[in-house]
Amino acid sequence: MKRTIGIVGGGAAGMMAAILAARNGAEVTILEGNDRVGKKILSTGNGRCNLGNVNFGQEMYSTRNPEQLKGWLEQFDTNDIIEFFEVLGLLTKQKNDGLYPVSEQASSVLDTLRFELAREQRIHVRTGCKVESIRCDERKKCILLRGGGEDFSFDRVILTCGGRAAPKTGSDGSGYRLAEMLGHSLIPVVPALVQLKCREDWFKSVAGVRAEAEIVLEDPKAGTVAERGELQFVDYGISGIPVFQLSGRVNYILREKKEVELKIDFLPDHTKEDFPEKLIRARMPIESCSTVEEYFTGVLNRKLMTLLIKLAGLKPTEPAGDAKTEKIRRVYELCRELKVHVTGSNSFEHAQVCAGGVPLDELTEKLESKKVPGVFFAGEILDVDGRCGGYNLQWAWCSGWLAGVFAAQ
């Protein structure tokens, strides 16, 4: 008799799990709450679908169980992703270490997966079927699901129903409730890869400005953490890749009611040793015939430079020669260390992923529940969140592949 497998959630991890389980001889049914599978894939990589990254490894992820994660990642790497999709007809390319479809269209990736689901006779897809409950029937040795007004019975079940990020795509946190029904605990879930809100009242004056910068966070648990990249100012705070990379950590600190101070260095390539004095000496010839604004022209973006001048207690229009040296020095110091205080982040609606979820130590090395044998997990529902650059989708492929294979064994 064929083993029957129910997959709750038809996203990236769910479709991958279904394909691999069917290839290994199982009869598979995907239960998807949306009216179609893979809705979230269409928004990945700004619509270009960043499939993965060549710099792939456990250090690119946050989790409470890094060694367990490392073991899974080593079983399915970037080359495996390339091979998997090329067999299905999708050509890929590398761009700035990221892996993309040659078409640079997320729809190409989704269509490739949908066509494979349709070709595989052992896979059945039920859309508009949101699973509301799950339980184990030990007498019949099966897993019972209730969804879309129907009851389902499977030999094994794979939970791939996502987290809470981007709930409009179907990730509404319902998977966490199903995990709790099975007796699993949850590491608190917070938004990650998301914009941060700040306390200072000057952000509107520099909204829209982009600048290369290094951002430093003093994490009470991890120590000093620094991220570098293009920072973007918005009217309520900061955005951009370095902000996204820190946002999960920041939200956990805020969750403990602790203040978060970030230090921004707009000139990370310049040595800090004697920095203000060197620039003051270099600009001495123009000091006597310039306004403060003219004196600092060419250092940073004009709007940003005007802000720093004002924060140092100077007026842009006053003669540079009349300005006190300590205030000139203070402007340079702000170029190297502008402090901002984070009060929160944007909500799950704006987050790319979640941090937290089902702890990895509650699963076996085969991604099977230790609480309820026969139930497997994959994707964002687990306590794994990656950096920007395709890592979260790469985790979906990896965990979906492994869960599909192990569940069908």
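In what follows, residues are counted from 1 in the order of the sequence shown. Computed from a predicted model, the values in this text were never measured in an experiment.
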Undergrad: So Glu27 and His124, do their side chains get closer than 4.5 Å, heavy atoms only?
TA: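 In contact.
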
Undergrad: Between Phe76 and Phe56, what is the shortest heavy-atom contact and its length?
TA: O-CE2, 3.3 Å

Undergrad: Would you say the side chain of Thr92 lies within less than 4.5 Å of the side chain of Glu86, judging by non-hydrogen atoms?
TA: yes

Undergrad: Could you check whether Glu326 pairs with Arg329 (Lys NZ or Arg NE/NH1/NH2 to Asp/Glu carboxylate O, under 4.0 Å)?
TA: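 No, this pair does not count.
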
Undergrad: So which atom in Arg177 and which in Asp172 form the shortest heavy-atom distance, rounded to 0.1 Å?
TA: NH1-O, 4.5 Å

Undergrad: Does a side-chain N-to-carboxylate-O contact under 4.0 Å join Arg387 and Glu227?
TA: yes

Undergrad: Between the side chains of Glu368 and Lys366, is the shortest nitrogen-to-carboxylate-oxygen separation below 4.0 Å, so that they form an ion pair?
TA: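 Here Lys366 does not pair with Glu368 in a salt bridge, since their nearest N and O are not under 4.0 Å apart.
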
Undergrad: Of all heavy-atom pairs between Tyr236 and Asn346, which one has the smallest distance, and what is that distance?
TA: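 Nearest heavy atoms, Tyr236 then Asn346: OH-ND2, 2.8 Å.
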
Undergrad: So, do Leu334 and Ile309 sit near enough that their side-chain heavy atoms are less than 4.5 Å apart?
TA: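 No; the side chains remain at least 4.5 Å from each other.
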
Undergrad: Of all heavy-atom pairs between Gly390 and Asn50, which one has the smallest distance, and what is that distance?
TA: N-OD1, 3.2 Å

Undergrad: Regarding Arg23 and the six-membered ring of Phe84, is the cationic atom NZ or CZ under 6.0 Å from the ring centre and inside 45° of its axis?
TA: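 That pair does not qualify as a cation-pi contact.
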
Undergrad: May I ask you to test the Arg164-Tyr176 pair for a side-chain heavy-atom distance under 4.5 Å?
TA: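 The answer is yes; the side chains approach within 4.5 Å.
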
Undergrad: For residues Ser369 and Leu363, report the shortest heavy-atom separation together with the two atoms involved.
TA: CA-CD2, 4.0 Å

Undergrad: Taking atom types as modelled and ignoring hydrogens, do the side chains of Asp35 and Thr127 form a donor-acceptor contact shorter than 3.5 angstrom?
TA: no

Undergrad: Are Ile143 and Arg156 close enough that some pair of their side-chain heavy atoms sits under 4.5 Å apart?
TA: no

Undergrad: Taking the ring centre of each residue, are Trp397 and Phe85 less than 6.0 Å apart?
TA: yes

Undergrad: Less than 3.5 Å apart, any donor N or O on the side chain of Glu293 or Thr291 sitting next to an acceptor on the other?
TA: no

Undergrad: Check Trp395 against Glu380 and note the closest heavy-atom contact, atom names and distance.
TA: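 Trp395 and Glu380 have their closest heavy atoms at NE1-N, 4.4 Å.
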
Undergrad: Any side-chain heavy atom of Leu311 within less than 4.5 Å of one from Arg330?
TA: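 Contact flag for Leu311/Arg330 side chains = no.
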
Undergrad: By the definition side-chain contact (heavy atoms from CB on, under 4.5 Å), identify the one residue from Thr29, Thr160, Ile30, Leu145 that meets it with Val8.
TA: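 It is Leu145; the other options fail the test.
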
